[in-house]
2 protein chains.
Amino acid sequence: METVTIKLLAERLKLSTATISKALGDSHEISEVTKKRVFDLAKELNYVPNAYASSLRKNKSKTIAVLIPEVADSFFSIALNGIEEVAIEKGYHTLIYLTHEKLEREKAILSELLYGRVDGALMSVSSETDSFEHIEDFGKKLPVVFFDRVASAPATAKITTNDFECGYLATKHLIEAGCKRIVMLSISKSLSIISERSSGFQKAVADHQLDPATCEVVNCIGEGKTVHTTLTSILQGNNRPDGIIATVERLTTDIYLVCQQLGLQIPDDVKVVCFSNQASAVILNPSLTTITQPAFEMGRAAAKALLKRLKNPYINLEEESEIIPSVLTVRSSTAGKNSTF
Amino acid sequence: METVTIKLLAERLKLSTATISKALGDSHEISEVTKKRVFDLAKELNYVPNAYASSLRKNKSKTIAVLIPEVADSFFSIALNGIEEVAIEKGYHTLIYLTHEKLEREKAILSELLYGRVDGALMSVSSETDSFEHIEDFGKKLPVVFFDRVASAPATAKITTNDFECGYLATKHLIEAGCKRIVMLSISKSLSIISERSSGFQKAVADHQLDPATCEVVNCIGEGKTVHTTLTSILQGNNRPDGIIATVERLTTDIYLVCQQLGLQIPDDVKVVCFSNQASAVILNPSLTTITQPAFEMGRAAAKALLKRLKNPYINLEEESEIIPSVLTVRSSTAGKNSTF
DNA sequence: AACATTTACTTAATCGTTTACGTAAATAAA
DNA sequence: TTTATTTACGTAAACGATTAAGTAAATGTT
């Protein structure tokens, strides 16, 4: 199958490649008659412009990169959905990279993306990321937009949710349901969302005169077995918490399982609220109280901000920052003693 | 910031661009001394090759496309994870496209990808896809590999799971648990996985002398409200099914909710088994019997097959086909009357 | 009628990399 | 010593699209 290029169209129509290119670009320099001839033949031969030739020449790739820690998490997969929707709409292509929560991967990916492959990037930093030079370096050449997990530098658009308030609200909710010893499960010491949520947590603890010594933020790093072990040790013993706030979705299953194994009843023995976008929260046993982030909207907003900037290099990305609120949905996992959810 | 190109390196080192290019490619034509000089300067100046220039010249993009119906489904997000892992490992980049189960999108995406942007594609067809010319056209130019939802043409690698057996097994399992009127919920009339699963279903129904008139495959197309309405009408009435097999994960929540609303107890009134990769299956109320597909392995296998082909154009993709078995995990949602799960 | 402008094209350079081909010097073979 | 081969580079042409600059003909202006 012969490759259909501008050159081929030019030969067939006895025109120069310049004319074809301009005609396809609907330039005013070309007569309507010629344009029609070009369009018709292009359609007939199924002409598709070579993306790389045009990218090379125009120094624009019409491609954006999305860097996320993982995709098997409802928040990120829904956000990706929002991103892809906006990208397609505007004729952009979406490259996906998973950092698997590793700083090294993040660095490697960003440095490879520096020249030519993408016009900009959307990212949610890894839980290991505690320095930002690699992102700043990238930011000097190409626009970046953060969503959810933001970095303090470079200065750019940050699409976040009201993490502080949600941390506060989740805690307050547990306190009002009768909890005295609340633990917030973290997955990182450096992550923006975690520090926001835990600040909200600590403020709520203070505002309600709970003992800060028994209400801590506990790191629950690792995968599979590790998480299970950590949770078991937290939930064992006399002074075990009577309230748990999971800052990420993937802790949910382990929390439920460990409680089951230890014979702890949710919500009677421990009340649980998770930051989660799982559709299945409502059919869990017991149904789960969640803080649901506006994942889809955040993805869309982030992509929109980046594409706006790509269209107009003069806009200031910082001003495109947005905070889209999350929603607390109360369900059985935090029901009070006499409550009937 | 000046762009670091081969030309710049050449000027600095007083060499030709050809020498630089060959040196970077570790060619035997270049002396070790020169190579070192080139490598060192490249590293110092943080040289990154322009992907588009090189793609244009070599007619290879080191990029693959992944077309999936949606990403907010555990199977696809886990499969994507497997794909990305293999891609990164081999230095490939991954473009993601969501078809949202629309044939039109699938066509549009494939036709745009025909020239230059990618070296090949991995796909799981949309539920609307009932003709394959668009995929065949693509296949004539670039290699495609199917995973999970395959098309009958073109002839190429198909990474699937044992859908027929699983359809049979799920049905048999329900029958043995005492079900007489089993309904399999489908989402498409044309999808390979659905027809495989429903053939298995029908064979099991026949083998166990159930009445095929009360054991049907019912289409459950649409989103949100539509699914809910369909399910309600199925589960209402005297002759309602006592067993349900959901062929896709996203039906799970609605099944549980509708049962709850209609006052039907799972598993006593209706037993449920879902094709699902949800981690939360085990903590649902009641815990859900699932057929879990090897999503990660399927993603990896599909990517491996494609990349193998890209490395060696002479291999026959058909021979790279693989069937990786799924696993039936029995939980409370299919427990018999006297069973204690 | 003389000159200016507009229209509708073409020519040729360019983006950054790769590579077929050329070549001069060094080394090996006869 | 002469000729063949190898080594280590350089020259220049691609890849396909875009675009600045040029041009001839048509149209407009005075």
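So that the names make sense, note that chain A is the first sequence line, chain B the second, and so on, each numbered from 1. Quantities reported herein were computed from a predicted structural model and do not represent experimental measurements.
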Colleague: What is the nucleic acid contact for A:Ser54, judged by heavy atoms within less than 4.0 Å: base, sugar-phosphate only, or nothing?
Modeller: sugar-phosphate
Colleague: Whole Å only: how far is the NZ atom of A:Lys22 from the P atom of C:dT10?
Modeller: 9 Å
Colleague: Applying the side-chain hydrogen bond (donor to acceptor under 3.5 Å, both in side chains) criterion to A:Ser127, which one of A:Arg149, A:Glu101, A:Lys102 satisfies it?
Modeller: A:Glu101
Colleague: Contact class for A:Ser31 (heavy atom, under 4.0 Å): base, sugar-phosphate, or nothing?
Modeller: sugar-phosphate
Colleague: Which of these nucleotides, C:dT17, D:dT18, C:dC21, is closest to any side-chain atom of B:Glu29?
Modeller: C:dC21
Colleague: Looking only at the side chain of A:Arg57 (C-beta and beyond, no hydrogens), which of the listed nucleotides D:dC9, C:dT14, C:dT11 gets closest?
Modeller: C:dT14
Colleague: Once you apply a heavy-atom cut-off of 4.0 Å, does A:Ser16 come out as touching a base, just sugar-phosphate, or nothing?
Modeller: base
Colleague: Of all the choices, D:dA21, D:dG16, C:dT18, which nucleotide is nearest to the side chain of B:Leu56 once you look at every atom?
Modeller: D:dG16
Colleague: Please state how far atom CG in B:Asn59 lies from atom P in D:dA17, giving the value in whole angstrom units.
Modeller: 12 Å
Colleague: If you define the side chain from C-beta out and look only at heavy atoms, does anything of A:Phe147 sit under 4.5 Å from A:Met123?
Modeller: no
Colleague: Take the protein atom NZ of A:Lys35 and the nucleotide atom P of C:dA8, then report the distance between them rounded to whole Å.
Modeller: 9 Å
Colleague: Picking from C:dA12, C:dT17, D:dA17, which would you name as closest to the side chain of A:Ala18?
Modeller: C:dA12
Colleague: Counting heavy atoms from C-beta on, name the nucleotide in D:dT19, C:dC21, D:dA17 closest to the side chain of A:Lys58.
Modeller: D:dT19
Colleague: Applying a 4.0 Å non-hydrogen cut-off, can you work out what B:Leu15 is touching in the nucleic acid: base, sugar-phosphate, or nothing?
Modeller: sugar-phosphate
Colleague: Given D:dG16, D:dG10, C:dT18, which nucleotide is nearest the side-chain atoms of B:Thr19?
Modeller: D:dG10
Colleague: Are the charged groups of A:Lys35 and A:Asp26 less than 4.0 angstrom apart, N to O?
Modeller: yes
Colleague: Using a 4.0 Å heavy-atom cut-off across all strands, classify B:Thr34 as base, sugar-phosphate, or nothing.
Modeller: sugar-phosphate
Colleague: Given that A:Tyr52 and B:Glu32 both sit by DNA chain D, which one's nearest nucleotide is further toward the 5' end?
Modeller: B:Glu32
Colleague: So for atom NZ, which belongs to A:Lys90, do other residues, nucleotides or ligands contribute more than 12 heavy atoms lying within a distance under 6.0 Å?
Modeller: no
Colleague: Quick test of your reading of the model: are B:Arg37 and B:Asp40 salt-bridged, counting only N-O distances below 4.0 Å?
Modeller: no
